[in-house]
Peer 1: 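Submitted below is the structure of interest, expressed as structure tokens.
Counting from 1, the numbers follow the sequence of the chain as shown.
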Amino acid sequence: MKSTCTLELEFEDENTARNIARALELDNKGYLETSVEGNVLHVTAEADDVMALRNTIDDFLACASVAQK
């Protein structure tokens with residue numbers, strides 16, 4: 001059974017959201033789908049099990065935090 005997680009990350013402005021999405025784009029291929037709508041970065045992840053999904057989301061959030069700084 002596949003597990004799915006959807007996040008909505010709100011940033012100060014659209015430019016920040018787009019820059020973070022672009023910075024992480026290469027690492028996301030095959031693991032996450034992202035899109036930007038205004039200042040919100042939408043993230044959808046899917047994995048074969050909950051632990052793999054958690055690891056994917058943890059990694060993405062850590063990288064997004066670094067990109068934001």
Side-chain angles (χ1 to χ4, degrees):
M1 179 175 80
K2 294 252 185 199
S3 298
T4 304
C5 178
T6 303
L7 303 173
E8 292 183 356
L9 306 174
E10 188 175 337
F11 295 96
E12 290 180 22
D13 53 48
E14 183 175 355
N15 191 47
T16 301
R18 289 199 182 283
N19 285 339
I20 291 170
R22 274 189 241 123
L24 303 177
E25 187 174 32
L26 289 175
D27 289 337
N28 297 341
K29 298 284 184 193
Y31 299 101
L32 298 163
E33 293 292 326
T34 60
S35 64
V36 176
E37 189 175 315
N39 67 330
V40 178
L41 174 58
H42 299 273
V43 181
T44 302
E46 185 176 89
D48 291 330
D49 63 70
V50 175
M51 292 304 291
L53 180 62
R54 189 192 84 177
N55 291 340
T56 299
I57 294 299
D58 282 349
D59 184 56
F60 176 82
L61 291 174
C63 293
S65 177
V66 170
Q68 186 180 13
K69 291 177 185 175

Peer 1: With ILVMFWY side chains joined below 4.5 Å, transitively, what does Met51's cluster contain besides itself?
Peer 2: none
Peer 1: Apply side-chain hydrogen bond (donor to acceptor under 3.5 Å, both in side chains) to Thr16 and list each qualifying residue two or more places apart in sequence or on a separate chain.
Peer 2: Asp13
Peer 1: Which atom pair, heavy atoms only, marks the closest approach of Ala45 to Thr56?
Peer 2: CB-CG2, 4.3 Å
Peer 1: Listed by chain and number, what are the side-chain contact (heavy atoms from CB on, under 4.5 Å) partners of Glu37, not counting sequence neighbours?
Peer 2: His42
Peer 1: Please list, chain by chain and in numerical order, all residues satisfying side-chain hydrogen bond (donor to acceptor under 3.5 Å, both in side chains) with Asp58, sequence neighbours excluded.
Peer 2: none
Peer 1: Considering residues at least two apart in sequence or located in another chain, which fulfil the side-chain hydrogen bond (donor to acceptor under 3.5 Å, both in side chains) criterion with Asn19?
Peer 2: Arg22
Peer 1: Taking only residues two or more places apart in sequence or in another chain, which ones pass salt bridge (Lys or Arg N to Asp or Glu O under 4.0 Å) with Glu14?
Peer 2: Arg18
Peer 1: Go through the structure and list residues passing side-chain hydrogen bond (donor to acceptor under 3.5 Å, both in side chains) with Lys2, not counting sequence neighbours.
Peer 2: Asp48
Peer 1: Under the side-chain contact (heavy atoms from CB on, under 4.5 Å) test, which residues partner Val66, sequence neighbours left out?
Peer 2: none
Peer 1: Should side-chain heavy atoms under 4.5 Å link Ile, Leu, Val, Met, Phe, Trp and Tyr, which residues sit in the same cluster as Leu9?
Peer 2: Leu7, Phe11, Ile20, Leu24, Tyr31, Leu32, Val36, Leu41, Val43, Leu53, Ile57, Phe60, Leu61
Peer 1: Test question: given the 4.5 Å side-chain rule for I, L, V, M, F, W and Y, name all other residues clustered with Val50, or answer none.
Peer 2: none
Peer 1: Can you tell me how far CD of Glu12 sits from CG of Asn39, rounded to the nearest 0.5 angstrom?
Peer 2: 9.5 Å
Peer 1: Closest heavy-atom contact between Gly38 and Ala17?
Peer 2: O-CB, 4.3 Å
